Each structure stands twice: as C-alpha cells, then as structure tokens.
Amino acid sequence: MVIIGGGAAGLMAGATAAKRGLNTVILEKMPRPARKMMITGKGRCNVTNACFELDELIANVPSNGRFLYSAFSAFMPYDTMALVEEQGVPLKIERGNRVFPVSDKAVDVVDAMVRYARQCGAVIEQGTAAALVVEDGRVTAVELENGKRIDCDAVAICTGGMSYPQTGSTGDGYALAQSVGHTVTPLAPSLIPLVCSNHFIPRLQGLSLKNTGLRVLDGEREVYRDFGEMLFTHYGVSGPMVLSASAHMKRPEQKNYRLVLDLKPALDEKKLDLRLQRDFKENNNKDFINSLSKLLPNKLIPVIVGLSEIEPSAKCNSITREQRLRLVQLLKHLTLDVTGFRPIEEAIVTSGGVNVKEVNPKTMQSKLLPNLYFAGEVLDVDAYTGGFNLQIAFSTGYLCGENIGGEYHD
Ligand SMILES: Cc1cc2nc3c(=O)[nH]c(=O)nc-3n(C[C@H](O)[C@H](O)[C@H](O)COP(=O)(O)OP(=O)(O)OC[C@H]3O[C@@H](n4cnc5c(N)ncnc54)[C@H](O)[C@@H]3O)c2cc1C
C-alpha cells in the first residue's frame with residue numbers, strides 16, 4: 001500500500017493498514033512527517049475534542065458532517081486520546097473540551113503518532129508523489145517527482161489541504177484526484193483571519209482583546225455570536241473567536257458582513273452609562289481623552305474618542321447626556337466592516353476538496369477506482385475549531401487504513 005502524505009491522516013491510515021499486516025509505505029514529501037501538526041494549537045496541538053456524542057461531533061462539521069458518521073463511529077475522540085496516552089503522552093482537557101498534551105508540546109503528539117505508525121510496521125519514506133499510474137481501471141503505481149516509481153496494490157491520498165504550504169500541504173492531492181477523474185469542489189479558506197476596511201484598523205494593530213462580545217451580521221441578519229479573545233492586525237482582525245466566526249461566513253467579498261464588538265460585555269447599557277457617569281465625575285476637570293484609561297486599553301482610547309465625535313480636549317464635566325449615551329452605543333456596538341478573507345495560505349483549514357459523493361463513507365474508498373482511498377483534509381470536509389479537524393483526519397485515516405486493500409478480500 002502507498003499512503004501519500006505523512007500528516008495526521010496519513011500516519012493514522014498507514015499505521016492502521018500496517019497493523020493489519022499490509023505492506024505499507026507512507027510517502028511524505030517533507031524531510032520529516034506531520035509538519036503541520038507541529039504548528040497546531042499554537043504549538044500545543046489541540047489533538048481532539050473530548051466530545052463523545054456522535055451527533056455533537058457531526059454538528060461541529062458544517063460541511064458534509066453526515067459523510068463522517070461511519071468514520072467518527074469507527075474512531076472516536078476517546079480512541080484518539082487512548083492512542084496518544086498509550087504512547088506515553090498524558091493529555092488534559094481545557095475549556096470547550098479541547099484536548100492538549102499535558103506538556104503543551106505538539107512535538108510530543110507528533111512523535112507519538114510517528115512512533116505508533118512505525119511500531120505498527122509502516123515505513124515512512126521521503127518523496128513527493130507526482131502522478132498516479134492507472135492500468136485497467138486500477139492504480140498500479142505512484143510516480144515520484146524524482147522519476148522513481150513505486151508499484152502498489154492500493155493507494156490512499158492523504159495530502160491535506162493547501163494552507164500553510166511551508167508545512168508541505170500544497171494541495172497536490174487535488175490534482176492527483178482530478179487526474180484520475182475525481183471532481184474537486186471549490187477550494188476556499190476556512191478558519192481564516194478577516195480583512196476589514198475601517199480607517200482606524202491600522203492604528204489598532206497588535207491590540208489583543210480578551211472577554212469581548214462578537215456578533216457577525218450579514219446585512220441585518222445575525223449569523224454568529226461568540227465571546228472570547230481576538231486580535232487586531234494591520235489588515236483587520238484575527239484570534240480564536242474571529243477564526244471560529246469565519247467558518248460561518250461565505251464569500252465575504254460578495255456580501256455585506258459586519259462584526260459588531262461589545263467591548264464591555266459584563267455591563268449592560270444602563271450599567272455602562274452609570275460607570276461612565278462615575279468616571280466622568282472622578283475626572284471632572286480633566287480632558288475627555290484622559291478619562292478612559294480605566295475603561296479601555298490605551299491603543300483603543302484615541303480610536304474610540306475619534307469615533308465618539310466628542311472633542312478629545314472637552315472637559316468631562318461638559319459632556320452631555322446625549323454624547324455619553326452615544327459613547328455607550330459605541331462601546332457596546334463597535335462595528336467593523338469585513339471586506340474579505342485573508343489568502344488561503346493563511347487558513348487553518350481548506351474548505352472544499354475531493355467531492356464526498358465520489359467516496360464511500362463507510363470505507364473511504366473511491367467510487368471511481370476500487371483501490372484508491374482518501375483521508376483527511378483533502379476531502380471536502382472541514383470543522384470548527386476545538387480539535388475537530390485533527391479528529392476528522394484521525395477518524396477518516398483509521399477507516400481508510402481498516403479498509404484499504406479490502407477490495408481483494410471481499
Ligand atoms: C496554524 C494551524 C493550526 C491548527 N491547529 C489545529 C488544532 O489545534 N486542532 C485541530 O484539530 N486542527 C488544527 N489545525 C488543522 C489541522 O492541522 C489539519 O486539519 C490537519 O493537519 C489535516 O490533516 P491531514 O493529514 O489531512 O493533512 P496534513 O496534516 O496537512 O498532512 C498532509 C501531508 O501530506 C504531505 N504531502 C502533500 N503533498 C504530498 C505529495 N505530493 N507527496 C508526498 N507527501 C505530500 C504534506 O507534506 C503533509 O505532511 C491547524 C491548522 C493550522 C494551519
């Protein structure tokens with residue numbers, strides 16, 4: 001068997017196939033496998049989600065979640081957790097059921113997966129798959145970029161998506177699949193930072209906000225609501241909450257998406273107004289711009305003052321009720337205009353991929369070529385943040401490994 005790609009899905013597929021006694025080569029283009037897994041969870045690797053209900057797992061996969069029913073059933077998050085812990089890497093569960101290694105080191109999970117694949121008998125070989133050789137309706141060999149050819153009984157394409165290409169995931173699998181007749185649904189970034197057009201954005205670059213409320217509006221319709229951390233960049237916004245929000249947005253350049261930030265979610269409008277009255281009283285004779293330091297981070301103050309249309313040098317005791325109420329509205333509903341996603345290279349996952357209608361969900365086998373299989377992000381499935389994307393790779397990799405070569409045994 002040749003498993004193309006030694007990422008999360010390929011290592012799992014290769015290990016599972018080799019464990020069944022199959023002669024298995026995992027072909028990885030990078031000098032070391034699973035480079036993308038190394039950078040997951042900001043180097044801590046959110047390896048899965050401790051969500052043990054099938055329906056809940058599927059609900060976290062907005063595109064083609066039902067396709068994963070058999071894969072998730074066959075290999076659940078607790079199976080991932082058991083496997084990693086059996087490899088001597090203790091895990092912990094954090095907010096939102098996110099599972100991380102206790103060491104907070106992604107490398108420990110990567111080493112565990114590589115070790116497991118080798119223990120099962122898989123051979124990891126460096127090389128870049130360039131083409132599939134098809135004879136009499138079957139894949140008979142994989143041709144490598146260096147001209148070498150590996151003959152095989154079956155092939156699994158586990159090449160991942162096309163984001164963070166420096167990790168090796170450059171989207172090669174899409175072309176390989178297309179070359180043998182598969183269709184690939186449109187590729188787009190998901191879990192991606194957002195570009196905003198507001199003039200004040202560059203001034204906020206580097207500002208990170210915690211405990212912020214976020215609503216995403218498409219015109220007047222609310223499409224997402226969250227609470228958490230975000231980061232301003234020179235082009236717009238990023239950070240965990242923004243990345244999650246992006247998975248609920250489609251083609252922002254053609255839509256009218258707005259982000260509405262609640263900078264003071266712990267205070268309702270009335271309480272915030274009382275707080276401002278108190279602050280202004282304490283700073284009675286001071287300039288307005290010097291009265292907000294307890295309420296807002298420094299970087300935000302000149303921006304909010306500018307948007308409030310209150311003179312920065314106005315004395316606090318001269319601020320009218322109307323001006324104050326406008327300020328309350330601004331702090332509870334700071335609006336950012338979204339004009340697009342950042343480029344796909346910066347996405348956490350690629351949405352779109354090999355059309356799942358052409359893949360058997362019970363085996364991960366191609367419906368076009370009997371000895372071709374797929375697993376992981378190369379398929380048209382992508383999930384929200386929280387460890388679900390790696391779990392998709394592990395579950396589909398497992399199912400692929402359990403079934404590859406099976407066309408001979410049926
Ligand atoms: C910054 C970042 C953080 C992330 N954090 C998390 C997280 O914390 N939790 C989570 O669940 N998900 C996270 N993800 C998503 C997760 O990493 C992916 O969904 C997952 O790695 C997909 O696994 P895969 O095996 O399908 O693909 P990949 O992990 O991308 O592996 C594909 C492999 O195939 C190899 N390859 C490609 N083409 C060829 C070829 N022609 N020949 C040979 N080899 C080839 C590549 O070098 C690569 O090693 C994150 C992604 C990014 C970019």
Side-chain angles (χ1 to χ4, degrees), residues 2-14 25-49 51 60-61 77 80 94 96 98-101 104 106 109-110 113-114 124-132 142-146 148 150 155-177 179 189-193 238 240 243 247 344-351 353-354 364 374-379 381-398 400:
V2 176
I3 311 291
I4 307 176
L11 288 171
M12 180 62 89
V25 171
I26 301 172
L27 185 67
E28 167 56 49
K29 68 160 35 161
M30 301 295 278
R32 291 169 68 197
R35 289 304 86 188
K36 183 169 274 177
M37 224 187 348
M38 281 292 285
I39 59 165
T40 54
K42 292 199 178 135
R44 297 204 301 136
C45 185
N46 176 193
V47 63
T48 185
N49 192 284
C51 157
N60 277 285
V61 187
T80 305
E94 296 192 356
R98 291 165 153 84
V99 180
F100 292 90
D104 285 328
V109 181
V110 171
M113 290 307 300
V114 171
I124 302 173
E125 202 176 299
Q126 192 185 352
T128 302
L132 301 177
V142 176
E143 274 176 7
L144 311 197
E145 219 169 54
N146 63 7
K148 199 178 147 189
I150 309 178
V155 169
I157 298 182
C158 305
T159 46
M162 57 186 301
S163 72
Y164 284 75
Q166 65 277 23
T167 62
S169 312
T170 47
D172 298 3
Y174 304 125
L176 290 172
S179 74
S190 184
L191 304 178
I192 179 86
S238 185
L243 297 179
I344 197 162
E345 289 76 15
E346 293 177 32
I348 301 293
V349 283
T350 304
S351 90
V354 173
M364 296 296 131
F374 296 95
E377 203 180 317
V378 72
L379 289 162
V381 282
D382 59 274
Y384 297 140
T385 54
F388 299 104
N389 284 297
L390 279 172
Q391 186 58 44
I392 291 176
F394 293 136
S395 294
T396 54
Y398 178 83
C400 163

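The structure presented is a predicted model; accordingly, all values stated were derived computationally and were not measured. Counting convention: from 1, in listed order, for ligands and their atoms alike.
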For the 3.5 Å polar cut-off, considering only N or O atoms, please tell me whether Glu28 and ligand 1 meet it. yes

Indicate, as side chain, backbone, both or neither, the part of Val349 found under 4.0 angstrom from ligand 1 when only non-hydrogen atoms are considered. side chain

Which protein heavy atom lies closest to atom 41 (N) of ligand 1, and at what distance to 0.1 Å? Asp172 OD2, 2.8 Å

Which residue and non-hydrogen atom of the protein lie closest to atom 18 (C) of ligand 1, and at what distance in Å? Glu377 OE1, 3.1 Å

With a heavy-atom distance limit of 4.0 Å, tell me whether Thr385 approaches ligand 1 through its side chain, its backbone, both, or neither. neither

For ligand 1, find out whether one of its N or O atoms is nearer than 3.5 Å to an N or O atom of Ala347. no

Is there a heavy atom in Leu27 that sits closer than 4.0 Å to ligand 1? yes

Walk me through whether Leu11 and Ile124 qualify under side-chain contact (heavy atoms from CB on, under 4.5 Å). CA-CA 9 Å; Leu11 288 171; Ile124 302 173; 3.9 Å; yes

What do the steps show when you test Thr48 against Gln391 for side-chain hydrogen bond (donor to acceptor under 3.5 Å, both in side chains), and what is the final call? CA-CA 5 Å; Thr48 185; Gln391 186 58 44; 2.7 Å; yes

Please evaluate residues Arg35 and Ser169 with respect to the criterion side-chain hydrogen bond (donor to acceptor under 3.5 Å, both in side chains), reporting the C-alpha separation (whole Å), side-chain torsions for both, the decisive distance (0.1 Å), and the verdict. CA-CA 9 Å; Arg35 289 304 86 188; Ser169 312; over 6 Å; no

Using a 4.0 Å cut-off to any heavy atom of Asn389, which atoms of ligand 1 qualify? 11 (O), 12 (N), 19 (O)

Is it the case that ligand 1 has an N or O less than 3.5 angstrom from some N or O of Met30? no

Does only the side chain of Ala130 get under 4.0 Å from ligand 1, or the backbone, or both, or neither? Count heavy atoms. neither

Report the part of Lys36 in contact with ligand 1, treating N, CA, C, O as backbone and CB onward as side chain, heavy atoms under 4.0 Å; options are side chain, backbone, both, neither. side chain

Atom 42 (N) of ligand 1 sits nearest the protein heavy atom Ala129 N, 3.0 Å

List the steps, then state whether side-chain contact (heavy atoms from CB on, under 4.5 Å) holds for Met162 with Thr170. CA-CA 5 Å; Met162 57 186 301; Thr170 47; 6.0 Å; no

Which part of Ile348 is near ligand 1, with near meaning a heavy atom under 4.0 Å away: side chain, backbone, both or neither? both

So is Pro33 close enough to ligand 1, meaning a heavy atom under 4.0 angstrom away? no

Report yes or no: does a heavy atom of Thr167 sit under 4.0 Å from some atom of ligand 1? yes

Checking Leu144 against Ile150 for the side-chain contact (heavy atoms from CB on, under 4.5 Å) test, could you report, in this order, the C-alpha distance in whole Å, the side-chain angles of both residues, the deciding distance, and whether it holds? CA-CA 8 Å; Leu144 311 197; Ile150 309 178; 4.2 Å; yes

Taking a cutoff of less than 4.0 Å between a non-hydrogen atom of the residue and any ligand atom, is Gly127 in contact with ligand 1? yes

Backbone, side chain, both or neither: what part of Ala393 comes under 4.0 angstrom of ligand 1, heavy atoms only? side chain

Give the residue, atom name and distance (to 0.1 Å) of the protein heavy atom nearest atom 11 (O) of ligand 1. Leu390 N, 2.7 Å

Salt-bridge criterion met for Arg44 and Glu94 (N-O under 4.0 Å): yes

Could you please spell out the steps behind the side-chain contact (heavy atoms from CB on, under 4.5 Å) verdict for Lys36 and Tyr164? CA-CA 8 Å; Lys36 183 169 274 177; Tyr164 284 75; 4.1 Å; yes

Report yes if some N/O of Asn46 lies less than 3.5 Å from some N/O of ligand 1; otherwise report no. yes

Does Thr159 reach the main-chain N or O of Gly173 with its side chain, forming a donor-acceptor pair under 3.5 Å? yes

